[in-house]
Amino acid sequence: MNEQTSAHNPVNLRLPDGSVRTFDGPVDGTTLAADIGPGLLKAAVAIKVNGETWDLSRAISADSDVAIVTKKDAEALDILRHDCAHIMAEAVQELFPDTQVTIGPNITDGFFYDFARDKPFTEDDLIVIEKRMHEIVARDEQIIREEWDRTDAIAYFKKIGELYKAEIIEDLPQGDTITVYRQGDWLDLCRGPHLPSTGKLGDAFKLMKVAGAYWRGDSKNAMLTRIYGTCWADKKALKAYLHRLEEAEKRDHRKLGREMDLFHLQEEAQGSVFWHPAGYTMWLQMEKYIRARLTEHGYQEIKTPQLLDSKFWEKSGHWAKFRENMFVVPDEVPSTDEDAPVLSGKAKLMALKPMNCPAHVQVFNQGTKSYRDLPIRFAEFGCCHRNEAHGALHGLMRVRQMTQDDAHIFCREDQITSETVNFCSLLSSVYRDLGFPEFKVLLATRPDMRSGSDESWDLAEARLEAALKETGLDYDFAPGEGAFYGPKLEFHLSDAIGRTWQCGTLQLDPNTPKVLGATYIGEDGAKHAPVMLHRAVLGTLERFLGIMIEHYAGRMPLWLAPTQAVVTPITSSADGYAEEIYNRLIAAGVRAELDLKNEKINYKVRFHSHRKVPAIFVVGGREEEDGTVSVRRLGSKHSNVQIASEAIDALVAEGRMPNGTA
RNA sequence: GCCGCUGUAGCUCAGUGGUAGAGCGCACCAUUGGUAAUGGUGAGGCCGGGAGUUCAAUUCUCCCCAGCGGCACCA
């Protein structure tokens, strides 16, 4: 496009309603909006030109399809947020001139900007910065787009001490137009588009938190100081967002874990969970359910050692590729001599298993396997230890001692597809049973650090993709995200508040069986290496239970609820009848409790509701006389009087474990 | 591991250079009630750990540790 020569040609702009407006020469979005009407001019934030979002101030010199973007449009939010980031950067540099800007992209629900500064920002600084941002909005500074020469731009940013910006420009592909946006006395390298002036941003923004972040996301680089913010089209949307955050906080499994007395963590065992009776009841129910589903899908459960010789891990490849995540234990009797060190440092090293796969190969390797034996599916609720970085630990979601619903399928190459299809069907029915009907699939390909030849990777990736196609599931790619021994499928489920979690995985591993000498006798009488499929549906019990707690906000489905029903009398005169109902519930296999506490019924209903007990059976003189119970279900404001035996039967029926047909 | 913030009773949190307080919970007493808090009394704390400054440190300084929010890593 040549704006110089087209200056004399008329420009026809077609609006979304199909009407066309003709201008004598190049025209910008502001002029167009003004031409259409003052209301639109006021609401305009940008303009779409042939599907591309432009600044309102940018001249359009050729015939185009155009649409004025207003705050109501979805793409406006991107512009507002990015402008908000710029205004924040301007405020920061006005207040703290010793700060360099780096990058400031939009993210879900907001934006951040990373700054380079000797002294990181604090929460207190945010208040001051936010105040200055409002002032910059009030100043209504015009935002001007400029195209700069690359060399000049680099020289300029170097001159003003913005070394990170200069580095960014140096790395931009040759031929890219370098654009700079000015607002008032401040300017920044940016692709745009932006609002015509800072005043258009409005006041629906808030700075959220400060954090450290590495330059270019690499832990070898300098630590920058990042400020997160959120920005919305209006105050109402901002308020709604903040409310959403509060609601998410209420579901926090760490908070609910304490309130519901499910588990705790303490510093002497950081990253390892102390499960309380209530929490472990959930665990056992989940384990029982998964075990049943695995058995039904032809898996055999095994149990393998925790502690294995480091020589073993050398052979499996973990010592080279995974050692920094492993807990190493010397095989030595510790010294009891007060003056001597406890350990000599010379002992043979053992390591706690970080994965179950090599041990499963050992079980496979016992005896001779025929091609007729395959596939062999070994499952284990394998307890693994990984030395996760301190900063990574997070409640149940990220722990150092974890139990996977792990299994390894040893199969022939011609069985890969059927095993993959079989697994995907198991996985989707489990997710449906557990309340997660929505999930996405990613095919993760070879990482930089890997074992095996490129040829074997080519083949493995092709095989896995072909098998995935057979399942009929939609999928995307996750380049470079594969395991070190093979490509994998990642299953990401969506929870009740729209977050996604990677839980399930299926990994195609042609390497480990070879490395550990696994073979079977083929139809041809020769030895062949089986293919190994590593797979998990939940991932880890710890994390999955954490996800379930947050997904259900603690209101677990009846079959998982630690206590399913509490029986409690109105007055102590009904204690005997309450106890009778309680005994009948227990006899029927219901996880029931009897609450004979000397409190009013209001108090007891409130107390057990807070504990998220799904059913409260209230009994008094009337119920005792009629052989009924008054059932109050969690979340309901009403109670329902039922014949005792019917109420018990109904609870038993509802509390049955899902079986994949749900 | 890196950056920042925080650490006081079982939980949620006040507070002070002169060794601590509330609400809930807990125990006991009274109360016997109809579906989200009955009233009273009481017990309960090495103020995260260690060093330093000070006549005196929970409070100020430094160093650890842990938790939290991110980053990096990741199930």
Side-chain angles (χ1 to χ4, degrees), chain A residues 107 112 114 117 119-126 208-228 249 252 254-255 258-259 261 264-271 322 324-325 354-355 384 386-400 402-406 481 483 488 490-492 501-505 507 534 536-544 546-547 568-575 598-611 616-623 630-641:
Chain A
I107 51 173
F112 66 77
D114 284 349
R117 186 167 184 250
K119 190 176 170 295
F121 294 115
T122 66
E123 303 277 337
D124 291 341
D125 293 329
L126 295 191
M208 303 298 288
K209 55 196 172 198
V210 289
Y214 297 108
W215 166 236
R216 301 205 145 158
D218 188 331
S219 57
K220 291 186 200 74
N221 290 342
M223 177 65 67
L224 306 171
T225 172
R226 173 175 294 180
I227 303 179
Y228 285 93
E249 219 170 287
D252 190 312
R254 293 165 301 184
K255 185 176 144 74
R258 212 174 15 249
E259 288 172 3
D261 196 16
H264 85 271
L265 294 149
Q266 66 185 50
E267 62 180 88
E268 289 89 345
Q270 48 174 307
F322 208 76
E324 55 186 33
N325 286 300
M355 299 183 191
C384 294
R386 293 185 193 171
N387 197 342
E388 302 289 349
H390 289 82
L393 302 176
H394 181 97
L396 298 178
M397 302 304 191
R398 195 73 182 275
V399 292
R400 292 176 141 185
M402 69 208 78
T403 303
Q404 302 172 313
D405 64 321
D406 201 11
E481 297 293 316
K488 65 180 182 187
E490 296 177 356
F491 299 87
H492 298 252
W501 303 89
Q502 192 208 315
C503 293
T505 182
Q507 306 168 2
H534 308 238
V537 176
L538 306 183
T540 73
L541 268 304
E542 287 84 355
R543 181 160 169 275
F544 203 90
I547 294 168
T568 192
I570 298 281
T571 72
S572 54
S573 60
D575 281 4
N598 176 14
E599 292 289 349
K600 289 192 174 175
I601 196 61
N602 286 312
Y603 177 92
K604 291 190 281 193
V605 165
R606 183 172 193 270
F607 177 78
H608 296 294
S609 299
H610 277 172
R611 299 171 59 208
I616 304 173
F617 283 21
V618 177
V619 293
R622 299 206 288 264
E623 286 76 11
S630 169
V631 181
R632 177 164 173 144
R633 296 299 300 256
L634 183 61
S636 166
K637 291 216 189 308
H638 307 285
S639 54
N640 186 13
V641 178

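In what follows, every heavy atom counts, from backbone to side chain, and hydrogens, waters and symmetry copies are set aside. Each chain gets a letter, A, B and so on, in the order the sequences are listed, and its residues count up from 1. Remember, it's a predicted structure, so these values are computed and weren't measured experimentally.
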Salt bridge (Lys or Arg N to Asp or Glu O under 4.0 Å) partners of A:Arg254, counting only residues at least two apart:
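Only A:Asp252 meet the salt bridge (Lys or Arg N to Asp or Glu O under 4.0 Å) criterion with A:Arg254.
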Using the test salt bridge (Lys or Arg N to Asp or Glu O under 4.0 Å), find all partners of A:Asp575 that sit at least two apart in sequence or belong to another chain.
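For A:Asp575 there are no salt bridge (Lys or Arg N to Asp or Glu O under 4.0 Å) partners, ignoring immediate neighbours.
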Tell me if a side-chain donor or acceptor on [X] pairs with a main-chain N or O of [Y] at a distance below 3.5 Å.
{"X": "A:Arg632", "Y": "A:Ser636", "result": "yes"}
{"X": "A:Thr505", "Y": "A:Ala536", "result": "no"}
{"X": "A:Ser609", "Y": "A:Val605", "result": "yes"}
{"X": "A:Asn387", "Y": "A:Asn325", "result": "no"}

When the [atom1] atoms of [M] and [N] are compared, how many Å lie between them, rounded to an integer?
{"N": "B:C60", "M": "B:C3", "atom1": "P", "value": "23 Å"}
{"N": "B:C2", "M": "B:U59", "atom1": "P", "value": "25 Å"}
{"N": "B:C28", "M": "B:U12", "atom1": "P", "value": "25 Å"}
{"N": "B:C46", "M": "B:U19", "atom1": "C1'", "value": "10 Å"}
{"N": "B:U6", "M": "B:G25", "atom1": "P", "value": "31 Å"}
{"N": "B:G52", "M": "B:G17", "atom1": "C1'", "value": "15 Å"}
{"N": "B:C11", "M": "B:G7", "atom1": "P", "value": "15 Å"}
{"N": "B:G44", "M": "B:A51", "atom1": "C1'", "value": "30 Å"}

Counting only heavy atoms not in A:Gln266, do more than 12 sit closer than 6.0 Å to its CD atom?
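Yes.
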Is the shortest side-chain N to carboxylate O distance from A:Arg398 to A:Glu388 below 4.0 Å?
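Yes, A:Arg398 and A:Glu388 are salt-bridged.
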Please report the distance, rounded to the nearest Å, between [atom1] in [X] and [atom2] in [N].
{"X": "A:Lys604", "N": "B:G25", "atom1": "NZ", "atom2": "C1'", "answer": "17 Å"}
{"X": "A:His264", "N": "B:C11", "atom1": "NE2", "atom2": "P", "answer": "10 Å"}
{"X": "A:Met208", "N": "B:C5", "atom1": "CE", "atom2": "C1'", "answer": "16 Å"}
{"X": "A:Ile227", "N": "B:C5", "atom1": "CD1", "atom2": "P", "answer": "14 Å"}

Which letter, B, S or -, goes with each nucleotide of nucleotides 62-75 of chain B from 5' to 3', with contact meaning a protein heavy atom under 4.0 Å?
---SSSSBBBBBBB
Taking Watson-Crick and G-U wobble pairs with both distances under 3.5 Å, convert RNA chain B into its dot-bracket string, 5' to 3', dots for unpaired and | for cross-strand pairs.
(((((((..((((....[..)))).(((((.......))))).....(((((..]....))))))))))))....
Pairs under 3.5 angstrom, nitrogen or oxygen only, protein versus nucleotides 35-38 of chain B, please.
{"from": "B:U35", "atom 1": "O3'", "to": "A:Arg632", "atom 2": "NH1", "distance (Å)": "3.1"}
{"from": "B:U35", "atom 1": "O2'", "to": "A:Arg632", "atom 2": "NH1", "distance (Å)": "2.2"}
{"from": "B:U35", "atom 1": "N3", "to": "A:Ser630", "atom 2": "OG", "distance (Å)": "3.3"}
{"from": "B:U35", "atom 1": "O4", "to": "A:Ser630", "atom 2": "OG", "distance (Å)": "2.1"}
{"from": "B:A36", "atom 1": "OP2", "to": "A:Arg632", "atom 2": "NH1", "distance (Å)": "3.0"}
{"from": "B:A36", "atom 1": "OP2", "to": "A:Arg632", "atom 2": "NH2", "distance (Å)": "3.3"}
{"from": "B:A36", "atom 1": "O4'", "to": "A:Arg606", "atom 2": "N", "distance (Å)": "3.4"}
{"from": "B:A36", "atom 1": "N7", "to": "A:Arg632", "atom 2": "NH2", "distance (Å)": "2.9"}
{"from": "B:A37", "atom 1": "N7", "to": "A:Arg606", "atom 2": "NE", "distance (Å)": "3.2"}
{"from": "B:A37", "atom 1": "N7", "to": "A:Arg606", "atom 2": "NH1", "distance (Å)": "3.1"}
{"from": "B:A37", "atom 1": "N7", "to": "A:Arg606", "atom 2": "NH2", "distance (Å)": "2.8"}
{"from": "B:A37", "atom 1": "N6", "to": "A:Arg606", "atom 2": "NH2", "distance (Å)": "2.9"}

Among all residues two or more places apart in sequence or in another chain, which pass the ring-ring contact (aromatic ring centres under 6.0 Å, His included) test with A:Phe607?
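A:Phe607 satisfies ring-ring contact (aromatic ring centres under 6.0 Å, His included) with no residue once adjacent residues are dropped.
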Per nearest nucleotide of RNA chain B, the residue lying toward the 5' end, A:Glu123 or A:Arg622, is A:Glu123
Donor-acceptor pair present, A:Ser572 side chain and B:U32 base, under 3.5 Å:
yes
Less than 4.5 Å apart, side chain to side chain, heavy atoms only: is that true for A:Val631 and A:Ser639?
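Heavy-atom side-chain distance check fails, nothing below 4.5 Å.
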Do A:Tyr228 and A:Ile107 have side-chain heavy atoms sitting under 4.5 Å apart?
yes
How about A:Thr568 and A:Lys604: does a side-chain donor come under 3.5 Å of a side-chain acceptor?
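Result is yes, a qualifying pair exists.
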With heavy atoms under 4.0 Å as the rule, sort A:Arg258 into base, sugar-phosphate or nothing.
sugar-phosphate
